[in-house]
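A, B, ... follow the sequence lines: proteins, then strands. Residue 1 opens every chain.
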Protein chains: 2
Amino acid sequence: MSVENLSKDLERVSTETMADIVELRLREFFKKKSFKPGDALPKEMELVVALGVSRNVVREALSRLRMLGMIETRKKRGMILARPDVLGTFERVLDPLIIDDHILQDLFELRLVLEMGLADLIFLRKTDKNIAELEKIALDETHDGEKRFRVKNEIAFHGKLYEITGNNTLKRFQVMLMPVFGYVTTLEKDKEYQTGKVDHLDLVNILKNGTKEDFKAGMYAHLKPHFDSLTKK
Amino acid sequence: MSVENLSKDLERVSTETMADIVELRLREFFKKKSFKPGDALPKEMELVVALGVSRNVVREALSRLRMLGMIETRKKRGMILARPDVLGTFERVLDPLIIDDHILQDLFELRLVLEMGLADLIFLRKTDKNIAELEKIALDETHDGEKRFRVKNEIAFHGKLYEITGNNTLKRFQVMLMPVFGYVTTLEKDKEYQTGKVDHLDLVNILKNGTKEDFKAGMYAHLKPHFDSLTKK
DNA sequence: AAAGTTATTATGTAGTACATATTAATAATG
DNA sequence: CATTATTAATATGTACTACATAATAACTTT
């Protein structure tokens, strides 16, 4: 019998620790009881008794949930369910150095997808004020050849585009993906840096006078060097 | 002196626990020492001594990092740095019931942005086989009026679109955002459900014969009811 | 030299003890 | 009587000890 077949019949021995289990149980418990943010949760010792584990284990699980922002604890007052910061947890693990290369590539593509998809929101929420600020950024750009300046320009300009969408979560997402983007582009530093046919000022002018479709085409042209680096897989 | 001014001058007393601090310190330590996945980390007791805190505190911090997949621990062998599952941590907190309404709205828009931005990747990586599978899904759709069938169709079809991009992270992202999407759409259930002018089969045909621009226009038309629900803010 | 046994080691779990902050209850004071 | 001080009670935060357990290393035995 081959190993593959064996592992289908023999379930893997659980390596879960008590803390893992308790963490899961607490999650299920909160959901089952349909606790809402602000609701008071049971005391530590009540959980200890109910779950039949040591306070140590319960505290490890609670510590995890606290890290995620799912619960808040105050001395004496006990614990309450809180609203987790969905992106905050993401930031914690988004270190290019410890993420798998395939995932990094995926995230790189994700960024491109986002930028291409922004157009509709941008056109919905752009204002003369917004565009003026964007134009200022484009005009202020240093045309020094040094890479770090180019990167700085890119961040400022594209960051502003995200801002115009009025979607703060999207904006934070972009900030988080920046290091990934920077990392991946440095990986291909041997290649000659090619800017797209359309630069930032061109995009501003399209925003002013052009149509949404013009903008989408312009953005693609601007990002074309990056799209060209993608493979069919 | 107003409270606002006061809080600018008087720094808020830190409510951080030792576990919070140790967690941060460990993060910095790993980065500073530029540990790579697979590298062995110091023993618990060594950390206890170095940090000058109880083993309890160290274990709470380690438990958090273990939850994120940043470290793995084996008895006797000690701990090693691991590759965290970037999306896994996201999933943990993405419960529509405990997320703030504004964030939900942001995520809803994020989903629209993603769908609109997929076109370039789809056209890069679509194959006859892919399109045939997509067409099958579109053809199999039950045209029952019931909402749950419509939702099922939507998930299957759009999920397949993500799949065609060949970007697994993107695909997982979509799966994670599904509940959010479902939740937000049910919020507007009082409205008459309007399907876009372009349906799934239309999109398939565009994929077969049309241009990328046709597809983008088609996708927008398909999602138009959702876009119409957006406000200028 | 190979196989079996024992010792060692690092993590996992349990339990006790006490510090500390915050609320609740009580007493003191005008 | 109302308000302030004081005290008590309580739940979390931290420290420490003890032992279980699994994986490895060291050591015997044949």
**Length of the line joining A/Asp20:CG and C/dT11:C1', which is rounded to integer Å** = 13 Å
**Message:** Nearest whole Å is fine: how far is C/dT13 C1' from A/Ile21 CD1?
**Reply:** 12 Å
**Asked** Roughly how many Å is it from CE in B/Met79 to P in C/dA10, rounded to a whole number?
**Response** 11 Å
**Complete:** Looking only at D/dT24, D/dT10, C/dG12, the nucleotide nearest the B/Lys76 side chain is D/dT24
**Request:** Measure from CG on B/Asn56 to P on D/dT12 and round the result to the nearest Å.
**Result:** 15 Å
**Message:** Please report the distance, rounded to the nearest Å, between CG in A/Leu51 and C1' in C/dA14.
**Reply:** 15 Å
**Prompt:** Which residue lies toward the 5' end of DNA chain C, A/Lys75 or B/Lys43, if each is placed at its nearest nucleotide?
**Reply:** B/Lys43
**Message:** Could you check whether the side chain of A/Arg55 and the base of D/dG13 have a donor-acceptor pair of N or O atoms closer than 3.5 Å, going by distance alone?
**Reply:** yes
**Request:** Classify the angle between the aromatic ring planes of B/Phe35 and B/Phe30 as parallel (below 30°), tilted (30 to 60°) or perpendicular (above 60°).
**Result:** perpendicular
**Request:** Output yes when a side-chain donor or acceptor of B/Arg25 lies under 3.5 Å from a complementary backbone atom of B/Leu51, and no otherwise.
**Result:** no
**Message:** Without decimals, in angstroms, what is the distance between A/Met18 CE and D/dC19 P?
**Reply:** 20 Å
**Prompt:** Which sits closer to the 5' end of DNA chain C, B/Arg74 or A/Val57, going by the nucleotide each is nearest to?
**Reply:** B/Arg74
**Asked** Once you round it to whole Å, what is the distance between C1' of C/dA10 and CG of B/Leu41?
**Response** 13 Å
**Message:** Please confirm whether the shortest side-chain N or O distance from B/Thr17 to OP1 or OP2 of D/dT12 is below 4.0 Å.
**Reply:** no
**Prompt:** Taking the six-membered ring of B/Phe123, is the NZ or CZ of B/Lys126 close enough (under 6.0 Å from the centre) and on axis enough (within 45°)?
**Reply:** yes
**Prompt:** Side chain of B/Glu46, backbone of B/Lys43: donor and acceptor closer than 3.5 Å?
**Reply:** yes
**Complete:** Separation of C/dT13 atom C1' from A/Glu16 atom CD, nearest Å, is 16 Å
**Prompt:** If you check every side-chain atom of B/Arg77, which of D/dT24, C/dT11, C/dT13 has the closest atom?
**Reply:** D/dT24
